[in-house]
Structure formats: C-alpha cells, structure tokens
Amino acid sequence: MFLSCCAVCGSAQFRKYSNEFLNIGAGARGLAMGGAQVASAEDGNAGYWNPAGLVNVIDNPNISFMHAEYFAGIGKYDYISAAIPVASSYRTLGFSLLRFGVDDIPNTLFLVEPDGSLNYNNIQSFSSADYAFLISYAQVMKDNDAVQVSWGANTKIIYRSVGHFAQAWGFGFDAGFLYRTSTLRFGIAARDITTTFNAWSFSFTDEEKQVLYLTNNDIPVKSTELTSPRLVPAVGYNFKLAEKLHLLAEADFDVTFDGKRNTLISSDPISIDPKFGMEANIANVVFVRVGVQNFQRALADGDTLNQKRVWIFQPSLGAGFRVGNVAIDYAFTNLANQSNPLYTNVFSLTIDLGKREAKETSGKGKFPALDKPDKPKKEKGSYPVP
C-alpha cells in the first residue's frame, strides 16, 4: 500500500486526472442533484461550484458543513464553507476548506527482516490526505427585478501529503459567471484557468531508500503535477407547478480539453461529461432532489467473452428541509456505477447567521415570487464594477 501511494505521487507529468478530490462535489444538495449546480448554487457552497453564485448570500453571513465517508469508511471527506456579504450586499467574500483523507494506511517497508522472516511489529501506519483552501470573491454587475448578472473568482491553495514521505503545494484559479431571471438561469464555471499545479517534494530516511533500492522500486524525486483547465456551462429553469410548488431542472456540461475520455461525448482533444439534476421545492421548506452523472461505456455485467459494452451512469437522490435559519440536506449517491455500486450517505448543514427576514421570493435569491407577478417593482439599477 505504501509503495502504491508513492508511485502515484512520484509520476511527474501533465495528469489527465490530477487533483480529482476537487471534483467530488460539495454539499448534499449538489451531490443529490448529480453535481448539476453551476447555475443554481446560491449559498456558501457556491464558492465551490460557481463563485458568481455567492452574490445570492444577502444580509447575513452563511456557513455550511458536510461530512461523507467513502468505501466503508476508509476514505473521509469533510467540507466547510463561509460566505460573507460586504459593500451593501452586492459583493460577497467566500472561504472554503476541503479535506479528503485515508488514514491508518499500513507502511510495510520494514515488514521483511534481513533474514527473510516477517515481523509484523515493524508495520506502522500513516495518513494520505488532500487539502484545498478556496478564497472566493463575487460581484454583482446588474441587479433589478428582471435580471441579475454576476461574476466571481476563486484562488485555490492545495496541500497534499502522504505521511512524512511526500508533500505537495499547489495553486490555481477559477472564474465564474451567472445570469439569472425569476425562471431562467445560465452559468459558466471556468476551473483551473491558469493550469493548476502541484509541486511535490519527497523525504525518505537512508533505511527507507535502501529498502526501496533492494526491492527494485524507484526513489521519487521532486516533480510537478499539472491540472488542465476545464469549462462547465450550465442552464437551469424554475418551473411553477402550483402555488407553493416549484421544480428546478438543471443541466451542466463538463468540458475538458486534455484528450479523449470515457464520457458521453468523447473526442480528441475535447470531451463532454453531462450532469442532470432536479429539485422539487415545497414552500421553500421541504426539498426533494434527484440527479444523474458520470455516463461511461463499460463491459456488460458478466460478459467477458463477447466484450460487449453498455452505457452506465451514476444516479443520486436526496432530500432537505429548512427551518428558520437552518437547512439540513441529505444525499444518497453511487460512487461507482450500476454494475459495481458503492453507495454512501452524505449529510450537510447550512446556517444563516443573524435574523432571517421574511422575503416574498421563489427561492433564496432576490427575485419576486413567480406567483406574484403584479408586485410593484423597485428598480435597483446596475452596480458599479471597481
């Protein structure tokens, strides 16, 4: 296990699947909707999905927490975010911290004694963990009762470690754009726009180097791992089904430019991985969500002779409810595919700090409710961009 971890770290190259822990998702709402959030994330979690959506955190700061365990508790994923409105609520700062880690990994370097016997007392454990800290800024460009336009950006600081053997620091930038009316939503998230990098360094004792040499393993050296940019356009629509019942449907399209991938639309160099999600909103108190993503071609279950390939996908579902300033969300998602399901339960908590004012809105944003079209409009105009 130790050698496999170091082998991953030691490959210095432009990786197609670099920093994959940043693609897991954030918040049970987004995971339940299949990751389709670029056009609809509008709380503190927007710093992860699309920083432009942070402008919808108005009046009071917003904090969110999430915890998930993967592969029967082997991997643990924790996420916390905070959004703070400033400058008359048309600018917002955001802060997000992610950790994905696997603890208690056995270090078997010294399992075999020089005489060939096994000494299990020599096995020690270590942790392999990935951290990311996001600093977000969002700015309203235009906001009136008809339309809201905003933009945002992230600065990402990444730290990855494998015990005391390997550490990496990385930096990157994201950008986002959001156009919203009372029904239509259109967003774009540009991730790793400057090519995020991780600079790895390694530290082995002389004894560890000797064991690696005697077992024909390469001793890693300093290296740089690059993450290529990706673009995620998204569109959503808010349907009014009844007086207090709305249905939000969203489709995101994860576009990569680093060669052919196993996705629904696959070509060289561009591949597109779509994500679809829906959320039923009952009186802005109870929410029911479903989603689907990760469309791939794989061998049919049990068919190893004909090599027949079929389409598989990753479904998800969840629910949530809001009471006053507190929202609790739940997601049940499959991390693998239909033929090899790995389901997990995800919970997240969102709190609006301060007194929550009653608003006649169809969601959390600033737009008038869809069932009150005759409400007098107050023109706010466009906010200046510094």
Side-chain angles (χ1 to χ4, degrees), residues 1-13 15 17-26 31 65-80 96-134 156-171 196-225 227 333-336 340-348:
M1 185 66 181
F2 164 77
L3 293 178
S4 63
C5 289
C6 287
V8 172
C9 299
S11 300
Q13 58 182 347
R15 284 186 169 273
Y17 300 102
S18 173
N19 289 330
E20 276 298 293
F21 78 103
L22 290 175
N23 296 322
I24 295 175
L31 292 173
F65 307 89
M66 188 196 79
H67 174 74
E69 295 189 359
Y70 297 83
F71 309 108
I74 295 176
K76 294 178 175 61
Y77 181 45
D78 295 285
Y79 170 83
I80 181 173
S96 305
L97 178 64
L98 302 88
R99 179 191 186 270
F100 184 86
V102 177
D103 302 312
D104 298 323
I105 303 172
N107 177 5
T108 59
L109 272 179
F110 301 106
L111 173 62
V112 181
E113 295 283 8
D115 61 2
S117 61
L118 300 180
N119 187 347
Y120 292 97
N121 293 326
N122 288 341
I123 297 179
Q124 297 180 347
S125 61
F126 64 95
S127 297
S128 176
D130 300 327
Y131 299 84
F133 181 55
L134 279 63
K156 296 189 294 191
I157 303 172
I158 299 169
Y159 175 72
R160 304 175 65 183
S161 66
V162 181
H164 73 273
F165 315 104
Q167 292 81 37
W169 286 94
F171 301 92
T196 299
F197 73 94
N198 289 53
W200 284 95
S201 62
F202 302 89
S203 177
F204 294 95
T205 64
D206 292 337
E207 292 80 5
E208 291 166 344
K209 291 180 180 179
Q210 183 179 14
V211 173
L212 292 174
Y213 175 77
L214 293 175
T215 54
N216 296 321
N217 284 284
D218 293 332
I219 300 176
V221 295
K222 291 184 178 180
S223 61
T224 301
E225 175 184 330
T227 305
T333 180
N334 172 15
L335 298 178
N340 184 28
L342 291 171
Y343 291 97
T344 188
N345 300 291
V346 182
F347 294 91
S348 63

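Owing to the predicted nature of the structure, the values given are computational and were not obtained by experimental measurement.
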Visitor: How long is the straight-line distance from OG1 of Thr227 back to CZ of Phe197, given to the nearest 0.5 Å?
Guide: 10.5 Å

Visitor: To the nearest 0.5 Å, how far apart are CG in Leu212 and CD in Glu207?
Guide: 11.5 Å

Visitor: Can you tell if the side chain of Asp130 reaches within under 4.5 Å of the side chain of Leu22, non-hydrogen atoms only?
Guide: no

Visitor: Partners of Glu20 by side-chain hydrogen bond (donor to acceptor under 3.5 Å, both in side chains), sequence neighbours excluded?
Guide: Asn23

Visitor: Using every non-hydrogen atom in the two residues, find where Gly25 and Tyr77 come nearest and quote the distance to one decimal.
Guide: O-OH, 2.6 Å

Visitor: Hey, could you give me the CD1/OG1 distance between Ile157 and Thr196, rounded to the nearest 0.5 Å?
Guide: 12.0 Å

Visitor: Can you tell me how far CG of Leu97 sits from OH of Tyr79, rounded to the nearest 0.5 angstrom?
Guide: 9.5 Å

Visitor: May I ask you to test the Trp169-Asn198 pair for a side-chain heavy-atom distance under 4.5 Å?
Guide: no

Visitor: List the atom of Val102, the atom of Gly75, and the distance in Å for their closest heavy-atom pair.
Guide: CG2-CA, 4.2 Å

Visitor: I want to check something: taking the side chain as every heavy atom from C-beta on, are Gln167 and Tyr159 in contact at a cut-off of under 4.5 Å?
Guide: yes

Visitor: Begin with the C-alpha distance, continue with both residues' side-chain angles, and end with the deciding distance and a verdict on side-chain contact (heavy atoms from CB on, under 4.5 Å) for Tyr131 and Leu98.
Guide: CA-CA 6 Å; Tyr131 299 84; Leu98 302 88; over 6 Å; no

Visitor: Does Phe202 reach the side chain of Phe165, with side-chain heavy atoms less than 4.5 Å apart?
Guide: no

Visitor: I'd like to check Leu31 versus Met66 (side-chain heavy atoms, cut-off strictly below 4.5 Å). Are they in contact?
Guide: yes

Visitor: Could you measure the distance from the CZ atom of Phe100 to the NZ atom of Lys76? Nearest 0.5 Å is fine.
Guide: 10.0 Å

Visitor: So, using salt bridge (charged side-chain N to carboxylate O under 4.0 Å, His left out) as the criterion, who are the partners of Asp103 when residues are at least two apart?
Guide: Arg99

Visitor: List in chain and number order the residues that pass side-chain contact (heavy atoms from CB on, under 4.5 Å) with Phe347, two or more places apart in sequence or in another chain; answer none if no residue qualifies.
Guide: Tyr330, Asn345

Visitor: Only one of Arg160, Glu225, Lys156 forms a side chain to side chain donor-acceptor pair (under 3.5 Å) with Asn19, so which one is it?
Guide: Arg160

Visitor: Any chance you could measure Ser125, atom OG, to Ile105, atom CD1, to the nearest 0.5 Å?
Guide: 9.0 Å

